[in-house]
Q: 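One structure follows; several queries about it will come next.
Residue numbers count from 1 along this sequence.
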Amino acid sequence: MLLALKDVFVHYHKVAALQGVTMDLEEGGFVTLIGSNGAGKSTTLRAVSGLVHPSQGEIAFDGKEIHRSPPDRILRMGIAHVPEGRRVFPGLSVIENLYTGAYVRKDKEQIEKDLEKVYASFPVLGQRMGQLAKTLSGGQQQMLAIGRALMAKPRLLMLDEPSLGLAPLIIKEIASILSKINEDGVSVILVEQNAELALELAQYGYVLETGRVALEGEAGGLMNNEHVRRAYLGI
């Protein structure tokens, strides 16, 4: 098992954001977390990447406990996190943003090869490599945020609401790229308000409600689940 969360609780002050979350991700898997705002989806990603630490429970990556580790160590182990809102460095150029994603690496020759792979996946970034990130469109900034995470050469890529605020054509393009990233062997955890899109992309899903896993199962099965259809798919 690549990633395992066992009975994870996270508190913000005295408020429990996660209440006993247990989930697994196999090497090469694609998992989605769906649920309403405040259900604990983003907190789950933050707990895995070390931005918050569980008050109870365990998180293991490739068999090693990481729930007490700092974010930089977790990144070096192979977990990259694309947070909600893109958060690129606005005053840096596209290429400078991409190089910041590789700051934990020393293999300069491979870094350059991976840069070319990012440009192949997101041609617009190659065309605008010298342009300041703040001058890009929202969709282009999202592509840059994903590309920057890929420059860390992760084994696990976690994305928080990558389609938020984007035009349908851009969403379709990013969805296709995420599928290709997963096909290339990178494991993916996707948090996405667009539950239908998320379940179409993922192999397995977890439905979070008030900090707990309310449902889980194969993505196709959740797509046909009556509760999921009513509550999250608008059917």
Side-chain angles (χ1 to χ4, degrees), residues 1-84 104 149 152-162 178 181-182 185-193 195 198-199 201-223 225 227-228 231-232:
M1 195 62 62
L2 181 66
L3 179 73
L5 284 74
K6 183 178 179 182
D7 199 29
V8 171
F9 286 73
V10 171
H11 288 78
Y12 294 120
H13 302 292
K14 294 184 178 181
V15 178
L18 296 183
Q19 304 182 64
V21 168
T22 295
M23 60 174 282
D24 297 317
L25 174 66
E26 295 181 356
E27 184 92 48
F30 195 137
V31 161
T32 186
L33 310 182
I34 62 175
S36 59
N37 289 333
K41 307 183 302 295
S42 295
T43 298
T44 301
L45 299 193
R46 289 168 61 83
V48 173
S49 62
L51 296 175
V52 296
H53 295 297
S55 49
Q56 183 178 321
E58 300 175 355
I59 304 175
F61 181 70
D62 201 18
K64 300 179 180 68
E65 289 188 356
I66 62 170
H67 51 276
R68 298 184 186 90
S69 299
D72 64 312
R73 180 167 179 264
I74 291 172
L75 177 61
R76 291 174 193 277
M77 292 177 71
I79 299 177
H81 182 183
V82 182
E84 182 183 348
V104 297
K153 208 170 182 64
R155 294 174 63 192
L156 169 58
L157 177 65
M158 303 193 300
L159 305 105
D160 196 349
E161 304 286 6
L178 293 183
I181 289 168
N182 182 240
V186 179
S187 303
V188 176
I189 300 179
L190 174 64
V191 165
E192 180 56 64
Q193 279 293 113
L199 292 172
L201 290 173
Q203 301 154 358
Y204 199 88
Y206 292 86
V207 179
L208 293 182
E209 295 180 354
T210 61
R212 297 181 174 90
V213 176
L215 287 169
E216 65 173 278
E218 299 291 332
L222 289 177
M223 186 84 80
N225 179 279
H227 173 68
V228 173
Y232 304 108

Q: Determine the minimum heavy-atom distance between G217 and L222, stating which atoms define it.
A: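 Answer, listing the atom of G217 first, then L222: O-CD1, 3.7 Å.
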Q: Applying side-chain contact (heavy atoms from CB on, under 4.5 Å) to L33 and M23, what does each step give before you reach the verdict?
A: CA-CA 10 Å; L33 310 182; M23 60 174 282; 4.0 Å; yes
Q: How would you list, by chain and number, every residue that makes a side-chain contact (heavy atoms from CB on, under 4.5 Å) with L75, sequence neighbours excluded?
A: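 Partners of L75 under the side-chain contact (heavy atoms from CB on, under 4.5 Å) test: A80, Y103, V104, A152.
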Q: Test side-chain contact (heavy atoms from CB on, under 4.5 Å) on I189 and L25; report intermediate values, then the result.
A: CA-CA 8 Å; I189 300 179; L25 174 66; 3.8 Å; yes
Q: Taking side-chain contact (heavy atoms from CB on, under 4.5 Å) as the definition, give me every residue that meets it alongside R73, ordered by chain and number, with sequence neighbours left out.
A: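 For R73, the residues satisfying side-chain contact (heavy atoms from CB on, under 4.5 Å) (neighbours in sequence not counted) are S69, P70, M77.
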Q: E161: what forms a side chain to side chain donor-acceptor pair (under 3.5 Å) with it, not counting sequence neighbours?
A: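 So E161 forms no side chain to side chain donor-acceptor pair (under 3.5 Å) with any residue.
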Q: Do L199 and V228 have side chains that approach each other closer than 4.5 Å (heavy atoms only, starting at C-beta)?
A: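 Side chain of L199 against side chain of V228, heavy atoms only: contact under 4.5 Å found.
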Q: Can you name the residues that form a salt bridge (Lys or Arg N to Asp or Glu O under 4.0 Å) with E65, not counting sequence neighbours?
A: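 Scan of E65 (salt bridge (Lys or Arg N to Asp or Glu O under 4.0 Å), adjacent residues dropped) gives R68.
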Q: Extract all donor-acceptor atom pairs below 3.5 Å that involve side chains of residues 52-63 and protein atoms in other chains or at least two apart in sequence.
A:
{"unit_1": "H53", "atom_1": "ND1", "unit_2": "H67", "atom_2": "O", "d": "3.0"}
{"unit_1": "S55", "atom_1": "OG", "unit_2": "F9", "atom_2": "O", "d": "3.3"}
{"unit_1": "S55", "atom_1": "OG", "unit_2": "H11", "atom_2": "ND1", "d": "2.7"}
{"unit_1": "D62", "atom_1": "OD2", "unit_2": "R155", "atom_2": "NH1", "d": "3.0"}

Q: Going by salt bridge (charged side-chain N to carboxylate O under 4.0 Å, His left out), name the pairs with one or both residues in residues 4-26, residues two or more places apart or in two chains.
A: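 The answer is none; no pair qualifies.
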Q: ring-ring contact (aromatic ring centres under 6.0 Å, His included) with F30: which residues, sequence neighbours excluded?
A: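 Listed in chain order: nothing, the list is empty.
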Q: Checking T32 now: which residues fulfil side chain to side chain donor-acceptor pair (under 3.5 Å) with it, not counting sequence neighbours?
A: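 So T32 forms no side chain to side chain donor-acceptor pair (under 3.5 Å) with any residue.
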Q: Enumerate donor-acceptor pairs with a distance under 3.5 Å from any side-chain N or O in residues 44-51 to protein atoms, sequence neighbours excluded.
A:
{"unit_1": "T44", "atom_1": "OG1", "unit_2": "G40", "atom_2": "O", "d": "2.8"}
{"unit_1": "S49", "atom_1": "OG", "unit_2": "L45", "atom_2": "O", "d": "3.2"}
{"unit_1": "S49", "atom_1": "OG", "unit_2": "R46", "atom_2": "O", "d": "3.4"}
{"unit_1": "S49", "atom_1": "OG", "unit_2": "H81", "atom_2": "ND1", "d": "2.9"}

Q: Got a sec, which residues hit side chain to side chain donor-acceptor pair (under 3.5 Å) with R212, two or more places apart in sequence or on another chain?
A: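 R212 satisfies side chain to side chain donor-acceptor pair (under 3.5 Å) with Q19 once adjacent residues are dropped.
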Q: Would you please name every residue forming a side chain to side chain donor-acceptor pair (under 3.5 Å) with Q193, sequence neighbours left out?
A: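 Side chain to side chain donor-acceptor pair (under 3.5 Å) list for Q193, sorted by chain: K41.
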